[in-house]
Amino acid sequence: MLDANALRAHLHETAERLRATRGFELDVAAIEALEAERKAVQTRTQDLQNLRNTRSKAIGQAKAKGEDVAALMAEVAGIGDELKAREARLAAIQDQLAAIALVVPNLPDASVPIGPDESTNVEVKRWGQPPALDFTPRDHVDLGARNGWLDGDAAARISGARFTVLRGDLARLHRALAQFMLELHVREHGYLEVNVPLLVLPETMQGTGQLPKFEEDLFATQTGETRRYLIPTSEVPLTNLVRERIVEDAELPQRMTAHSMCFRAEAGAYGRDVRGMIRQHQFEKVELVSIVRPDESDAEHERMTRCAEIVLERLGLPYRRMLLSTGDMGFAAQKTYDLEVWLPSQGTYREISSCSNCGAFQARRMQARWRNPATGKPEPLHTLNGSGVAVGRALIAVMENYQREDGSIAIPEALRPWFDRDVIG
RNA sequence: GGAGAGGUGGCAGAGUGGUCGAAUGCGCCGGAUUCGAAAUCCGGUGUACGGUUUCACCGUACCGUGGGUUCGAAUCCCACCCUCUCCGCCA
């Protein structure tokens with residue numbers, strides 16, 4: 001959510017920036033009309049409330065002195081009906097304004113390249129050399145066919161498309177990757193390990209920006225009257241830990257990591273990445289979330305991205321860092337780096353991590369604040385999230401980059417603590 | 001799932017339908033006292049929204065949530081949510 005006061009004060013300018021960067025059309029006319037009415041109705045409502053309060057108090061005082069209150073009662077008589085109508089109208093207007101505000105995307109940072117889609121992303125750096133294989137590399141589906149390691153057919157029978165069953169040493173490798181990442185972030189990068197709920201309430205989803213606009217991307221459950229959603233990433237519960245809280249300065253910055261299941265409906269992805277486990281309804285991710293003071297978020301964004309990069313470097317996986325252009329950024333982000341890992345079978349880099357600085361955007365939706373010692377006043381925090389990294393995709397990357405001609409897979413040095421061998425298959 | 005108790009400011013904890021945004025204590029901030037500190041004393045100390053003559057004042061809302069009764073609700077009524085205790089079931 002954008003700052004309400006700033007939006008009001010710079011409505012046309014903001015609308016122009018949203019159009020230029022996001023291709024988002026802000027309904028300026030509707031907002032102006034609602035704002036004008038809101039101001040009139042709110043002022044009138046509060047005047048009426050004030051009148052009612054003062055008169056009611058006078059009645060109480062008069063009664064206490066044993067005076068006749070008939071005249072005072074008559075004065076208040078007409079207020080009730082108008083007040084009720086005004087209050088209802090005000091609530092309706094504020095609901096409409098909120099509904100508009102909740103679907104406006106974040107404004108990109110000035111350093112973000114302007115462009116329509118991923119074609120205008122900018123490569124910032126490259127690390128590592130793609131492995132020189134003297135045979136034609138297989139993709140992870142072919143490699144996974146050995147030993148019943150990766151079984152899409154079984155998963156389809158059980159759960160439908162976009163699920164996989166992992167078995168044996170591949171399941172073990174998958175688990176080792178998650179453990180390795182979690183340990184790295186906890187022991188070396190200073191993150192607090194958190195274990196979070198996977199089902200969350202609608203207001204939680206609204207806090208981080210998945211709702212109300214992207215409901216079709218989510219899996220939902222219904223138990224009686226209560227609706228709960230499966231998290232698409234542990235960013236959601238982790239970030240919402242500060243929802244409706246005022247955090248003291250001494251508690252900042254907060255760095256949290258969680259290993260969790262993630263669930264995505266992938267409603268708009270029919271036909272994309274249907275082969276293998278690149279794009280699944282259910283996958284695992286080690287997430288990084290930082291809650292920081294506003295003036296620290298840029299530096300934290302760089303730091304967080306490095307924490308994700310180190311995962312790939314320790315695993316010896318070649319990658320590049322991309323600065324996303326305005327058209328490719330998520331709804332809540334003001335700046336995003338994607339890490340893309342080399343996949344030999346595709347001869348290209350594929351997304352394995354996304355690190356975003358959301359600025360105050362999520363914090364305003366969540367009412368997540370800190371007490372600024374300089375002013376003594378509560379101010380919105382800044383929130384950041386990043387994958388550190390996607391476990392399923394890391395598994396694919398290890399399989400493909402560490403494959404050998406016979407279809408066996410070498411175990412990266414960093415994962416040896418979880419294995420008694422240096423090769424599987 | 002059954003039975004009971006309870007949800008009030010950062011915390012603890014009062015609150016007969018009428019100057020209750022809310023006593024008191026603790027905590028915190030400022031000041032006095034002190035060589036300094038402790039103790040003591042004095043003062044201050046919620047959040048959001050709105051208005052304006054915009055760093056100051058004024059107004060409104062908020063006592064779990066949502067409704068209702070009333071001129072007036074923390075207080076009365078209804079529904080829901082949550083927490084705790086005991087029982088049952090269960091990983």
Side-chain angles (χ1 to χ4, degrees), chain A residues 1-11 31-102 195-204 206-207 221-229 237 240-252 261 360 362-381:
Chain A
M1 210 156 58
L2 304 180
D3 182 272
N5 288 317
L7 184 64
R8 214 177 298 160
H10 311 287
L11 186 58
I31 294 173
E32 283 181 328
L34 282 167
E35 264 303 323
E37 195 188 351
R38 191 226 90 226
K39 190 164 175 171
V41 173
Q42 183 163 358
T43 308
R44 177 66 184 155
T45 304
Q46 293 186 352
D47 285 348
L48 286 170
Q49 286 169 328
N50 181 242
L51 184 65
R52 181 203 59 196
N53 291 346
T54 51
R55 289 309 132 89
S56 293
K57 246 170 214 177
I59 290 171
Q61 285 169 341
K63 272 192 171 175
K65 291 178 199 154
E67 294 168 5
D68 178 42
V69 294
L72 283 165
M73 298 280 275
E75 233 181 308
V76 195
I79 296 178
D81 289 340
E82 188 190 348
L83 183 56
K84 217 165 219 178
R86 297 280 181 170
E87 283 175 338
R89 181 62 195 148
L90 180 61
I93 294 167
Q94 285 174 328
D95 284 351
Q96 286 182 60
L97 283 167
I100 293 173
L102 283 171
N195 192 294
V196 293
L198 305 182
L199 288 164
V200 300
L201 296 167
E203 50 266 41
T204 306
Q206 182 173 298
T221 68
Q222 188 87 30
T223 308
E225 294 293 296
T226 306
R227 199 167 176 76
R228 289 191 182 87
Y229 295 90
N240 274 279
L241 285 172
V242 290
R243 186 166 111 239
E244 289 168 43
R245 281 202 51 214
I246 301 173
V247 179
E248 293 304 326
D249 185 62
E251 301 175 75
L252 296 171
M261 292 287 171
Q362 293 178 323
R364 281 194 217 96
R365 293 177 155 247
M366 294 190 298
Q367 284 272 33
R369 294 152 292 167
W370 71 306
R371 195 173 297 282
N372 183 348
T375 62
K377 297 240 157 58
E379 297 173 15
L381 286 157

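Just so it is clear, the values below take in all heavy atoms, side chains as well, and ignore hydrogens, waters and symmetry mates.
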Colleague: Applying salt bridge (Lys or Arg N to Asp or Glu O under 4.0 Å), name anything that partners A/Arg243, two or more places apart in sequence or on another chain.
Modeller: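 Applying salt bridge (Lys or Arg N to Asp or Glu O under 4.0 Å) to A/Arg243 gives none.
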
Colleague: Can you name the side chain to side chain donor-acceptor pair (under 3.5 Å) partners of A/Gln206, sequence neighbours left out?
Modeller: none

Colleague: Using Watson-Crick and G-U wobble pairs with both distances under 3.5 Å, what is the 5'-to-3' dot-bracket string of RNA chain B, with [ ] for crossing pairs and | for pairs outside the strand?
Modeller: ((((((((.[[[..)..(.....]]]((((((.......))))))((((((.....)))))).[[[[[..)....]]]]])))))))....

Colleague: For A/Arg38, enumerate each residue passing the salt bridge (Lys or Arg N to Asp or Glu O under 4.0 Å) test, keeping only those at least two apart in sequence or located in another chain.
Modeller: A/Glu35

Colleague: Could you give the start and end, 5' to 3', of the contact zone on RNA chain B for chain A, using atoms under 4.0 Å from its heavy atoms?
Modeller: B/G18 to B/G72

Colleague: List for me each residue that meets side chain to side chain contact (heavy atoms under 4.5 Å, CB included) alongside A/Met261, sequence neighbours excluded, and say none if there are none.
Modeller: A/Leu198, A/Phe263, A/Gln282, A/Glu284

Colleague: Taking side chain to side chain donor-acceptor pair (under 3.5 Å) as the definition, give me every residue that meets it alongside A/Arg228, ordered by chain and number, with sequence neighbours left out.
Modeller: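 With neighbours one apart ignored, the set is empty.
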
Colleague: Run the side chain to side chain donor-acceptor pair (under 3.5 Å) test against A/Asn50 and tell me which residues pass, sequence neighbours left out.
Modeller: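 Applying side chain to side chain donor-acceptor pair (under 3.5 Å) to A/Asn50 gives none.
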
Colleague: Restricting to non-hydrogen atoms, name the atom on A/Pro237 and the atom on A/Pro197 that form the minimum distance, rounded to 0.1 Å.
Modeller: CG-O, 3.7 Å

Colleague: Can you name the residues that form a salt bridge (Lys or Arg N to Asp or Glu O under 4.0 Å) with A/Arg52, not counting sequence neighbours?
Modeller: none

Colleague: Taking any heavy-atom pair under 4.0 Å as a contact, classify A/Arg245: base, sugar-phosphate, or nothing.
Modeller: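 Result for A/Arg245 = nothing.
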
Colleague: Kindly write out the residues that satisfy salt bridge (Lys or Arg N to Asp or Glu O under 4.0 Å) with A/Asp249, not counting sequence neighbours, or none if the list is empty.
Modeller: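 Partners of A/Asp249 by the salt bridge (Lys or Arg N to Asp or Glu O under 4.0 Å) criterion, ordered by chain and then number, come out as A/Arg293.
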
Colleague: What residue pairs, at least two apart or across chains, pass side-chain hydrogen bond (donor to acceptor under 3.5 Å, both in side chains) with a residue in residues 78-93 of chain A?
Modeller: A/Glu37-A/Arg89, A/Arg44-A/Glu82, A/Gln49-A/Glu87, A/Glu82-A/Arg86

Colleague: Which residues in residues 52-59 of chain A have at least one heavy atom lying under 4.0 Å from any atom of RNA chain B?
Modeller: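 Nucleic-acid contacts, sorted: A/Arg52, A/Asn53, A/Ser56, A/Ile59.
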
